[in-house]
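Quick notes on the structure that follows.
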Amino acid sequence: MTSSDRPKPANFIEEIVEEHLRTGKYGGRVHTRFPPEPNGYLHIGHAKAICIDFGIAAKYGGCCNLRFDDTNPVREEQEYIDSIREDIRWLGFEWGDREYYASDYYEQLYDWAVMLIRKGKAYVDDLSAEQIREHRGTLRSPGKESPYRNRSVEENLDLFERMRRGEFPDGSKVLRAKIDMAAGNINLRDPVMYRILRATHHRTGDAWCIYPTYDWAHGQSDSIETITHSLCSLEFEDHRPLYDWFLNELGVHHPQQIEFARLNLSYTVLSKRKLLKLVEEGHISGWDDPRMPTLAAMRRRGYTPEAIRNFCDGIGVAKADSVIDVAKLEHHVREDLNRRAPRVMAVLRPLKVVIDNYPEGKTEELDAVNNPEDPGSGTRKVPFSRVLYIEEDDFREEPPIKYFRLAPGREVRLRYAYFVKCIGVTKDDAGRITELRCTYDPATRGGDAPDGRRVKATLHWVSAPHAVSAAVRLYDRLFTKPDPDEVEDEGKDFRANLDPHSLEVLTGCRCEPGLNGAQPGGHYQFERLGYFCADVDCRPGKLVFNRTVSLRDTWAKIERRHVQHDAGA
RNA sequence: UGGGGCGUCGUCUAAUGGCAGGACACAGGAUUUUGGAUCCUGACGCGGAGGUUCGACUCCUCCCGCCCCAGCCA
């Protein structure tokens with residue numbers, strides 16, 4: 001792509017990239033990477049990074065590597081590698097054969113460490129972890145140099161080699177860069193490059209007993225892969241001078257690191273630590289519980305890759321800390337699903353309706369539009385009979401103001417069927433409504449009245465004898481507060497803001513018969529209710545649907561206002 | 001308070017010395033066989049104070065506020 005037919009830079013990173021393209025800094029090359037640590041599942045925050053990393057490479061005709069930053073064997077597992085690969089592919093990105101691992105570079109990293117020792121720029125330190133911390137100083141005061149800082153090159157070389165050979169116990173020695181214990185930037189106060197750790201690595205097994213730290217491995221890994229632009233989040237801004245120092249001392253290819261603000265979402269936690277806690281303490285059913293912000297969970301919930309990508313494009317890229325309103329995410333799923341999800345009728349909380357003047361035993365097949373947003377999607381037949389179910393919430397014995405739906409004496413339309421009028425209510429001994437008696441107008445077949453009379457509401461319905469039953473899981477936001485970390489009481493944390501009603505399981509929902517063929521992962525709009533996704537466990541005869549997101553609901557808003565008003569009055 | 005960053009509608013995000021624009025959210029209306037979708041309309045913002053300039057969100061100075069860093073985590 002030439003600069004003339006390219007869209008304007010979308011953000012400050014693209015401006016920098018284009019500046020480099022103009023000046024020829026990297027020979028016109030753009031090569032990025034997405035560098036996850038395989039110690040957890042990818043979440044919506046990673047999706048932002050993935051869209052930036054892969055998106056910028058694609059926009060400028062370059063490519064993006066997938067590199068697993070696997071420098072800590074005690075936390076990393078193959079399971080996570082598999083899930084990360086799956087999630088990135090699902091999101092819609094490809095890395096070809098460019099799948100790398102920091103552990104691929106252990107030998108090179110070791111050689112480079114030896115090089116720094118030879119240059120007098122690294123040394124073996126015998127201080128304990130605690131002593132190192134004490135020597136590091138504080139934010140305001142400079143650190144103290146380790147008594148081992150000025151060992152000879154020969155001694156350092158010997159010691160470092162013996163560290164690798166396994167002659168010393170775990171934690172007894174480290175290799176440190178010799179930079180500046182008085183630096184204002186604490187990352188420059190002789191950072192640790194290697195620690196002794198006898199742990200089996202998921203890829204290198206027991207080949208090593210010393211492991212490079214992230215700080216020592218990351219920049220060089222980018223360099224080895226000839227990355228041009230190392231995009232990462234803000235907290236690594238402080239580390240850039242350190243990476244620059246390493247790369248300059250080594251005299252190797254030097255990528256440009258650019259930092260951007262990570263994603264925060266209202267009503268959501270995104271820290272790995274907190275998500276892990278939710279899983280381990282069983283507040284949710286697992287990493288793919290549809291209330292989780294992980295990509296695996298969102299997929300199960302019914303989010304589409306397109307919706308997530310559109311969301312990521314829509315939120316922009318900048319350096320200011322920010323919290324995106326989760327409503328924006330919900331907007332993008334609705335927007336995408338509105339276009340593609342077939343409409344279907346399902347009654348979540350069934351209320352029986354008998355059409356008194358409809359012949360017993362008669363069944364009609366009525367035409368229903370599959371998706372009004374997609375004319376090509378055609379129509380289907382839906383059975384109608386004398387006994388139906390409508391939504392409990394679509395009838396009120398005493399309708400409040402602005403309530404348009406069914407009530408005694410009131411006429412409404414049954415979608416694609418007939419106008420019906422409520423002429424009676426049957427109750428049980430406890431006074432609960434068990435059944436509605438209605439009449440229908442045969443002249444309104446299909447839903448239009450030849451005499452031009454209008455109704456204010458159209459209800460969804462299913463024919464009782466033809467309906468298939470289903471379990472439906474109604475998911476809502478996991479937390480009650482926009483900022484889950486906001487707690488009143490000292491000693492409480494985000495768990496105190498978990499919403500006990502974030503999941504409601506409905507059984508005995510009644511669906512139009514066609515839904516019996518729903519395949520796991522299939523998306524539907526249940527008319528007037530929301531978007532639903534057939535769960536992985538969904539089978540014919542044992543239907544299970546997850547609510548992805550409700551439809552925008554003007555009535556619910558009005559009703560909420562009434563309640564607030566009444567409460568305030 | 002050492003070092004590094006960041007402050008534009010309620011929430012995100014544009015503007016690169018020349019009319020503060022867009023999205024989401026919110027409010028109202030049109031339309032509608034989904035109280036959906038669509039369309040229209042509206043209200044709301046440059047952290048503060050000085051300075052430079054014909055003209056400042058933009059440049060300068062000072063102030064205020066917020067975030068990150070003291071793992072042998074990443």
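Numbers restart at 1 for each chain; the letters A, B, ... are given by sequence-line order, proteins then strands. The shown structure was predicted, so the numbers you read here are calculated from the model rather than taken from an experiment.
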Study note, to complete from the structure: Testing B/G35, B/U32, B/C69 for proximity to the side chain of A/L139, the answer is B/C69
Check your understanding: Between B/A70 and A/R189, is there an OP1 or OP2 to side-chain N/O distance shorter than 4.0 Å?
Key -> no
Review point. Which residue, A/F12 or A/T213, contacts RNA chain B at a nucleotide closer to its 5' end, judged by nearest heavy atom?
Key: A/F12
Practice item. Could you tell me whether A/P372 contacts a base, only the sugar-phosphate backbone, or nothing, with contacts defined as non-hydrogen atoms closer than 4.0 Å? Key: base
Check your understanding: Quick one: is B/A74 close enough that its OP1 or OP2 comes under 4.0 Å of any side-chain N or O from A/T71?
Key -> yes
Review point. Is A/R262 atom CZ crowded by more than 12 heavy atoms from other residues, nucleotides or ligands, each under 6.0 Å away?
Key: no
Point to revise | Ion pair A/R405/A/E391, N-O distance below 4.0 Å | key: no
Check your understanding: Does the distance from a Lys or Arg side-chain N to an Asp or Glu carboxylate O, for A/R67 and A/E225, drop under 4.0 Å?
Key -> yes
Check your understanding: Any donor and acceptor pair, going by atom type alone, linking the side chain of A/R413 with main-chain N or O of A/V455 inside 3.5 Å?
Key -> no
Point to revise | C1' spacing across the pair B/A49 / B/C64, given as an integer number of angstrom | key: 10 Å
Practice item. Between A/G316 and A/K402, just flag the one whose closest nucleotide in RNA chain B comes earlier from the 5' side. Key: A/G316
Check your understanding: If you measure from the C1' atom in B/A23 to the same atom in B/C9, how many Å do you get, rounded?
Key -> 12 Å
Point to revise | Within residues 165-183 of chain A, residues whose heavy atoms come under 4.0 Å of RNA chain B | key: A/G171, A/V174
Revision key, fill the gap. Per atom distances to the A/F404 side chain, the nearest of B/C73, B/G35, B/G3 is B/G35
Revision key, fill the gap. On a heavy-atom basis, the closest approach of A/L337 and A/G302 is CD2-O, 4.0 Å
**Study point:** Gap in Å between the two C1' atoms, one belonging to B/C68 and one to B/U52, rounded
**Key:** 34 Å
Point to revise | Sugar-phosphate only, base, or nothing, as touched by A/E527 at under 4.0 Å among non-hydrogen atoms | key: base
Practice item. Could you note down all residue pairs passing salt bridge (Lys or Arg N to Asp or Glu O under 4.0 Å) where residues 35-49 of chain A supplies at least one of them, sequence neighbours left out? Key: A/E37-A/R75
Check your understanding: Nearest to the side chain of A/W555, which nucleotide is it out of B/G35, B/G2, B/C72?
Key -> B/G35
Review point. Which value, in whole Å, describes the distance between the P atoms of nucleotides B/G47 and B/U8?
Key: 6 Å
Revision key, fill the gap. Picking from B/G35, B/U32, B/G36, the nucleotide nearest the side-chain atoms of A/R454 would be B/U32
Every protein N/O within reach of nucleotides 64-68 of chain B N/O, cut-off under 3.5 Å:
{"from": "B/C67", "atom 1": "O4'", "to": "A/D321", "atom 2": "OD2", "distance (Å)": "3.4"}
{"from": "B/C67", "atom 1": "O2'", "to": "A/D321", "atom 2": "OD2", "distance (Å)": "3.2"}

Point to revise | A/R454 atom CZ: more than 12 heavy-atom contacts under 6.0 Å | key: no
Practice item. Keeping to residues at least two apart or across chains, list the salt bridge (Lys or Arg N to Asp or Glu O under 4.0 Å) pairs with something in residues 170-184 of chain A. Key: A/D125-A/R176, A/D126-A/K173, A/D170-A/R198
Practice item. With heavy atoms under 4.0 Å as the rule, sort A/H460 into base, sugar-phosphate or nothing. Key: nothing
Point to revise | Selection: residues 327-341 of chain A, any non-hydrogen atom under 4.0 Å of RNA chain B | key: A/A327, A/K328, A/H331, A/N338
**Study point:** Nucleic acid contacts - residues 121-137 of chain A versus RNA chain B, non-hydrogen atoms under 4.0 Å
**Key:** A/L127, A/S128, A/A129, A/I132, A/R133, A/R136, A/G137
Review point. Would A/Y123 and A/D190 count as a side chain to side chain donor-acceptor pair (under 3.5 Å) if you check the C-alpha gap in whole Å, the side-chain angles of each, and the deciding distance to 0.1 Å?
Key: CA-CA 9 Å; A/Y123 62 98; A/D190 290 10; 2.6 Å; yes
**Study point:** A/R33/A/D222 ion pair, N-O < 4.0 Å
**Key:** yes
Review point. With A/F68, which residues qualify under ring-ring contact (aromatic ring centres under 6.0 Å, His included), at least two apart?
Key: A/Y101
Check your understanding: When all nucleic acid strands are considered with a 4.0 Å heavy-atom cut-off, which category describes A/L529: base, sugar-phosphate, or nothing?
Key -> nothing
Review point. Is there a donor and acceptor pair, one atom on the side chain of A/E559 and one on the base of B/G35, closer than 3.5 Å?
Key: no
Review point. Where does B/G71 land, syn or anti, once you apply the within-90°-of-0 test for syn?
Key: syn
Exercise for review: Determine the interatomic distance between P on B/G36 and the same-named atom on B/C24; round to the nearest Å.
Suggested key: 16 Å
**Study point:** Closest nucleotide among B/G2, B/C12, B/C73 to the A/I315 side chain
**Key:** B/C12
Check your understanding: Looking only at atom P, what distance separates B/C57 and B/A74, rounded to whole Å?
Key -> 46 Å
Review point. Is there a donor N/O on one and an acceptor N/O on the other, under 3.5 Å, for the side chain of A/Q525 and the base of B/U34?
Key: yes
Review point. Does a side-chain N-to-carboxylate-O contact under 4.0 Å join A/E19 and A/R22?
Key: yes
Study note, to complete from the structure: Tightest non-hydrogen contact, residues A/D215 and A/N187, listed as OD2-ND2, 4.4 Å
Point to revise | Salt bridge flag under 4.0 Å for residues A/D485 and A/K274 | key: yes
Check your understanding: Roughly how far, to the nearest 0.5 Å, is the CG atom of A/D393 from the CZ atom of A/R349?
Key -> 8.0 Å
Practice item. Return the minimal non-hydrogen interatomic distance between A/V269 and A/P293, and the atom names on each side. Key: O-CG, 3.4 Å
Exercise for review: Just compare B/C12, B/G4, B/C26 and give me whichever is closest to any side-chain atom of A/K557.
Suggested key: B/C26
Practice item. Keeping to residues at least two apart or across chains, list the salt bridge (Lys or Arg N to Asp or Glu O under 4.0 Å) pairs with something in residues 310-329 of chain A. Key: A/E237-A/K319, A/E259-A/K319
Check your understanding: Does a side-chain N or O from A/T138 land closer than 4.0 Å to OP1 or OP2 of B/G2, or not?
Key -> no
Practice item. For A/V455, answer base if it contacts any base atom (sugar-phosphate contacts may also be present), sugar-phosphate if it contacts only those atoms, and nothing otherwise; contact means non-hydrogen atoms under 4.0 Å. Key: nothing
Practice item. For A/E15, enumerate each residue passing the salt bridge (Lys or Arg N to Asp or Glu O under 4.0 Å) test, keeping only those at least two apart in sequence or located in another chain. Key: none
**Study point:** Results of salt bridge (Lys or Arg N to Asp or Glu O under 4.0 Å) for A/D104 - residues two or more places apart only
**Key:** A/R203
Review point. Tell me, for nucleotides 16-21 of chain B in 5' to 3' order, what letter each nucleotide earns: B for a base near a protein heavy atom under 4.0 Å, S for only sugar-phosphate near one, - for neither?
Key: B-----
Point to revise | Sugar-phosphate only, base, or nothing, as touched by A/V317 at under 4.0 Å among non-hydrogen atoms | key: sugar-phosphate
Review point. Does A/R547 pair with A/E330 as a salt bridge, N-O distance under 4.0 Å?
Key: no
Check your understanding: When you compare B/C63 with B/G22, how far apart are their C1' atoms, in angstrom units rounded to a whole number?
Key -> 33 Å
Review point. Does the distance from a Lys or Arg side-chain N to an Asp or Glu carboxylate O, for A/R453 and A/E411, drop under 4.0 Å?
Key: yes
Review point. Does the side chain of A/R552 get closer than 4.0 angstrom to OP1 or OP2 of B/A37 through an N or O atom?
Key: yes
Revision key, fill the gap. Writing each nucleotide of RNA chain B 5' to 3' as (, ), [, ], | or . by Watson-Crick or G-U pairing under 3.5 Å yields .((((((..((((....[..)))).(((((.......)))))....(((((..]....))))))))))).....
**Study point:** C1' spacing across the pair B/U1 / B/C69, given as an integer number of angstrom
**Key:** 15 Å
